[in-house]
Number of protein chains: 2
Amino acid sequence: MEEIDRRIVTLLARDGRMSFTDLARETGLSVSAVHQRVRRLEKRGVVRGYAALVDYDAIGLPLTAFVSIKPIDPAAADDAPERLAHLGAIEACHSVAGDESYILKVRVASPLALEELLNQIRTSANVSTRTTVVLSTPYEHRAPELIGEPDEPGDKPREKA
Amino acid sequence: MEEIDRRIVTLLARDGRMSFTDLARETGLSVSAVHQRVRRLEKRGVVRGYAALVDYDAIGLPLTAFVSIKPIDPAAADDAPERLAHLGAIEACHSVAGDESYILKVRVASPLALEELLNQIRTSANVSTRTTVVLSTPYEHRAPELIGEPDEPGDKPREKA
DNA sequence: TGACCGGGTGGAGGAGATCGACCGCCGGAT
DNA sequence: ATCCGGCGGTCGATCTCCTCCACCCGGTCA
């Protein structure tokens, strides 16, 4: 992937509804060319989708927390992600190195709802939990900056324009 | 906010590029009505924006980590978020309860880049860091489910601007 | 009851998305 | 060196969709 694709991805990460016309203006390509590239990026999975960014306070889920989990039985099969997938309050699940095995990011309506969710997590996945409550979020979902990134040796120098 | 708005937000959170026409079909309203509601949701800040979801492996940032930070001087002013904002590798910054004061989510190209980033974090904000490396991400950015949510008693049925 | 107001419908105009046809560059094979 | 094929670009046509406008309906309050 080279410069222009990177540019497109950056722009779309910043504004997922940007029109192809604007994208074309920003990149100096024609609308069709941009359209083609975006479709290719989507097909290749570089762009996995588009989402509205939501104010969780406003939609009644003002409480965010990180829940680290550790299996109670270290010998049991490690299928926690599937076991927990049905819990809609879980926004993300990361497998991590370190003392615990996964970190979950959860959004709930209240401390009571958090307590209930933790119970569901423990019983669903047979794990112990350690919870870190988020007090506030200065920023989140910042778009990646993928400028620079020196071309790898295998990358053919596609210099144009 | 009532049922239909909730529906719209859910749909847009799942597919940020859904057309107003489709949104109208899903909600049973006219295109104009949906358009109006979405604009209102945007203006009120319920919908804060739209973003493309990106495959970080594909764009050369395959290493994700959580960095917990703690001030070295507990008496110093707590302006870590602003001091760190210029570091583009930081995707999110959450103020948290517990032993540490903030949790950062970072995306970098390599272990070497992570090391360098940690140095920048420490010197920029005068903090100590504790890093948890993400091995894999079973899921992330799942759309919130905001069905149900019984109206709170304090919620007046007629919202004024 | 009558005026007001938030929120709905429908239509018109123009902008934008999408697709096909054509072209030019580059690398590999003859 | 020339031919050939694929990739990626432009241009242009068409159709969808966005966006704005005027109008309408049902509640609320004086």
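Lettering follows sequence order; numbering is per chain, from 1. Since the model is a prediction, treat every value here as computed from it, not as a measurement.
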What integer distance in Å separates B:Met18:CE from D:dT16:P?
-> 19 Å
Over how many whole Å does the gap from B:Glu26 atom CD to D:dC17 atom P extend?
-> 13 Å
Say whether, by atom type as modelled, one donor and one acceptor occur between the side chain of B:Tyr102 and the main chain of B:Val67 under 3.5 angstrom.
-> no
Classify [X] by what it touches in the nucleic acid, base, sugar-phosphate, or nothing, heavy-atom distance under 4.0 Å.
| X | result |
| --- | --- |
| B:Arg40 | sugar-phosphate |
| A:Arg39 | sugar-phosphate |
| A:Ser32 | base |

Determine whether the side chains of A:Thr27 and A:Arg7 contain a donor N or O and an acceptor N or O closer than 3.5 Å.
-> no
Candidate nucleotides C:dT18, D:dT19, C:dG8, ranked by approach to the side chain of A:Phe20 - the nearest = C:dT18
Answer yes or no: does a side-chain N or O of A:Thr21 lie under 4.0 Å from OP1 or OP2 of C:dA17?
-> yes
Answer yes or no: does a side-chain N or O of A:His35 lie under 4.0 Å from OP1 or OP2 of C:dA17?
-> no
Look at the aromatic rings of A:His94 and B:Phe66 and report parallel, tilted or perpendicular, splitting at 30° and 60°.
-> perpendicular
Flag if over 12 foreign heavy atoms under 6.0 Å of CZ, B:Arg39 | no
